Participant: 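Once you've had a glance at the structure underneath, I'll fire off some questions.
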Amino acid sequence: MIPFLDLKAQYQSIKPEIDAAVLGVLGSTQYILGDEVAAFEREFAAFCNVKHAIAVNTGTSALHLALLAAGIGPGDEVITVPFTFVATVSAICYTGAKPVFVDIDPVTMCMDPTKLEAAITSRTKAIMPVHLYGQMADMDPIMEIAKRHNIPVIEDACQAHGAEYKGKRAGSIGISAGFSFYPGKNLGACGEGGIVVTNDDKQMETMRMLRDWGQSERYHHVMKGFNYRMDGIQGAILRVKLRHLENWTESRRSRAKLYDAGLAGSTRVTPPTQVADRRHVYHVYAVRSPERDRIREELTKANIQSGLHYPIPVHLQKAHEDLGHKVGDFPVSEKVASEVLSLPIFPEMTDEQVKTVADAVNNGGQRIAA
Ligand SMILES: *Cc1c(COP(=O)(O)O)cnc(C)c1O
């Protein structure tokens, strides 16, 4: 069987380091926040090339805090894309603001900047592009439009640890950015985790307070806050894993290159596009095909796992029917959602495994059966 990802293989490769990190926290009893989390914040900020990082309990909380610190609330509109994981849109809804969608670019599958300006109204208070699959959205035109209208940009970088746009790291371009450490992400905790990064001192102070019950000092609650704190054990584990992340990212990129070669000239699927000037970190390797469902079935029969990211765009989800959207409102997102297929990709995947998957995609599993 070729799994979609292999967390056991990753753990085995660094087991002594992880075990020692966990035992260290057990001994120190710094179970929430503490020295390990503070050190991880400094190291992750340096990794993103930003001044501050505030560790939280999930990526969704990170996006929520970023929006609140930017002053977003009821009556405001926040622009994002419908082709994303639902959490992007949920975080906007938590603030009481209304999500407003802009369709995606069919090549990068990220926000189409040529459609952004038409969605801006007097109520637009933030723009939240999503760096989908590990490739950054087209930030230059997005930032240019945002600056002209004086609207802050908050990056959903939950899939893009270490991705770059014209040499700039994901998380370093907008006013702030949220990352997720869900176990399957490129940098994953052993449980839930997230972080919000910013270069802005005031945003940082507000987010630090909101994360821990809105306290300026103990039992002085200056805002209505949350319990969004990161566990000490997760901070210690993430510090260990961060040291390996660049190697893992390069391995993901070389797996993707092998796939690209194996699928070049395929009559069945279109491989993803790596745009010049961007460093794609391949959280997901998604091909497109009109016969997506059939290929997926063939892979399953050949004992190869695959994924769908995401089969239904957010504007057509029942949970968000109050926004009043219908089929046809965002045609690129809808078409892409019906055609994308995520192939297995993880740093420990062997060349042989990549070739087996590519062959199965190209040949409909026939070579496997023969
Ligand atoms: C994973 C993810 C989130 C949410 O992160 P959690 O840690 O699961 O809360 C938000 N946006 C995107 C694009 C994601 O992939």
Side-chain angles (χ1 to χ4, degrees), residues 4-5 7 37 40 44 53-68 78-95 99 101-102 104 108-111 126-137 139 142 153-163 170-171 174 176-197 207 210-211 226-231 234-235 237-238 241 252 272 280-286 307-315 317 319-320 333 336-337 340 342 345-346:
F4 189 66
L5 83 173
L7 293 179
V37 171
F40 175 64
F44 195 78
I54 302 101
V56 293
N57 60 340
T58 67
T60 309
S61 302
L63 297 174
H64 187 198
L65 291 191
L67 287 159
L68 290 173
V78 177
I79 296 177
T80 190
V81 287
F83 191 63
T84 181
F85 182 57
V86 72
T88 314
V89 179
S90 300
I92 296 168
C93 294
Y94 293 171
T95 67
F101 296 120
V102 164
I104 55 167
T108 63
M109 303 184 215
C110 294
M111 182 179 281
I127 300 167
M128 189 180 275
V130 180
H131 304 321
L132 198 76
Y133 301 156
Q135 179 159 250
M136 288 179 69
M139 293 305 284
I142 292 172
V153 172
I154 298 169
E155 302 170 58
D156 182 340
C158 284
Q159 302 188 359
H161 319 71
S176 58
F179 290 83
S180 166
F181 304 123
Y182 177 81
K185 299 285 161 85
N186 287 21
L187 178 60
C190 297
E192 305 275 6
I195 206 163
V196 55
V197 301
M207 293 190 285
L210 287 172
R211 163 181 77 174
F226 302 84
N227 177 356
Y228 278 175
R229 300 173 304 227
M230 177 180 274
D231 286 347
Q234 301 307 342
I237 289 170
L238 287 163
K241 289 196 176 190
R252 282 177 184 275
H280 196 323
V281 296
Y282 292 100
H283 172 56
V284 169
Y285 187 92
L308 300 180
H309 303 96
Y310 298 91
I312 305 169
V314 180
H315 71 284
Q317 295 284 358
H320 296 287
S333 293
V336 166
V340 281
S342 311
I345 192 162
F346 49 93

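All ligand and atom numbering here is 1-based and tracks the order in the structure. Worth saying up front: this structure is predicted, and the values here are computed from it rather than measured.
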Participant: Check each atom of ligand 1 against the heavy atoms of Asp156 and keep those under 4.0 Å away; list them by number with element.
Facilitator: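 Contacts of ligand 1 toward Asp156, numbered from 1: 10 (C), 11 (N), 12 (C), 13 (C).
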Participant: Counting only N and O atoms by type, is there a donor-acceptor contact under 3.5 Å from the side chain of Glu155 to the main-chain atoms of Gly171?
Facilitator: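 Present.
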Participant: Could you check atom 15 (O) of ligand 1 against the protein and tell me its nearest heavy-atom contact, residue, atom and distance included?
Facilitator: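 In this structure, atom 15 (O) of ligand 1 has Gln159 NE2, 2.8 Å as its nearest protein heavy atom.
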Participant: Short list, please: which atoms of ligand 1 are under 4.0 Å from a heavy atom of Ala87?
Facilitator: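 Under 4.0 Å from Ala87, ligand 1 has these atoms: 3 (C), 4 (C), 10 (C).
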Participant: Looking at ligand 1, does Lys185 have a heavy atom less than 4.0 Å from it?
Facilitator: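 Yes, Lys185 has a heavy atom closer than 4.0 Å to ligand 1.
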Participant: Starting from the C-alpha separation in whole Å, work towards a yes-or-no answer on side chain to side chain contact (heavy atoms under 4.5 Å, CB included) for Phe44 and Leu238.
Facilitator: CA-CA 9 Å; Phe44 195 78; Leu238 287 163; over 6 Å; no
Participant: Using side chain to side chain contact (heavy atoms under 4.5 Å, CB included), reason through Val86 and His320 one step at a time and then give a plain yes or no.
Facilitator: CA-CA 10 Å; Val86 72; His320 296 287; 3.8 Å; yes
Participant: Could you check whether Phe226 and Tyr94 have their ring centres less than 6.0 Å apart?
Facilitator: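 No, too far apart.
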Participant: Below 3.5 angstrom, do we get any N/O pair linking Phe181 and ligand 1?
Facilitator: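 No, there is no polar N/O contact under 3.5 Å.
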Participant: Would you mind telling me which of Asn186, Val281, Leu132 makes a side-chain contact (heavy atoms from CB on, under 4.5 Å) with Gln159?
Facilitator: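 The passing option is Leu132.
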Participant: Quick test: of every protein heavy atom, which one is nearest to atom 9 (O) of ligand 1, and how far off is it to 0.1 Å?
Facilitator: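 Scanning the protein heavy atoms, the shortest distance from atom 9 (O) of ligand 1 goes to Thr60 OG1, 2.5 Å.
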Participant: Please find out if less than 6.0 Å separates the ring center of His309 from that of Tyr133.
Facilitator: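 Not under 6.0 Å, so no.
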Participant: Working note: Leu65 + Arg211, criterion side chain to side chain contact (heavy atoms under 4.5 Å, CB included); need CA distance, chi angles, decisive distance, verdict.
Facilitator: CA-CA 7 Å; Leu65 291 191; Arg211 163 181 77 174; 4.0 Å; yes
Participant: Mark up the atoms of ligand 1 that fall under 4.0 Å of a heavy atom belonging to Cys158, in ascending order.
Facilitator: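 The list of qualifying atoms is 2 (C), 3 (C), 10 (C), 11 (N), 12 (C), 14 (C).
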Participant: List the steps and the verdict of side chain to side chain contact (heavy atoms under 4.5 Å, CB included) for Phe181 and Lys241.
Facilitator: CA-CA 11 Å; Phe181 304 123; Lys241 289 196 176 190; over 6 Å; no
Participant: Starting from atom 8 (O) of ligand 1, find the nearest protein heavy-atom neighbour and note its residue, name and distance.
Facilitator: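 In this structure, atom 8 (O) of ligand 1 has Ser180 OG, 4.0 Å as its nearest protein heavy atom.
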Participant: Does only the side chain of Leu132 get under 4.0 Å from ligand 1, or the backbone, or both, or neither? Count heavy atoms.
Facilitator: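 Leu132 to ligand 1: no contact under 4.0 Å from either part.
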Participant: Short list, please: which atoms of ligand 1 are under 4.0 Å from a heavy atom of Thr88?
Facilitator: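 Answer, ordered by atom number: 11 (N).
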Participant: At a 4.0 Å threshold, what atoms of ligand 1 neighbour a non-hydrogen atom of Thr84?
Facilitator: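 Reading through ligand 1 atom by atom, the close ones are 13 (C).
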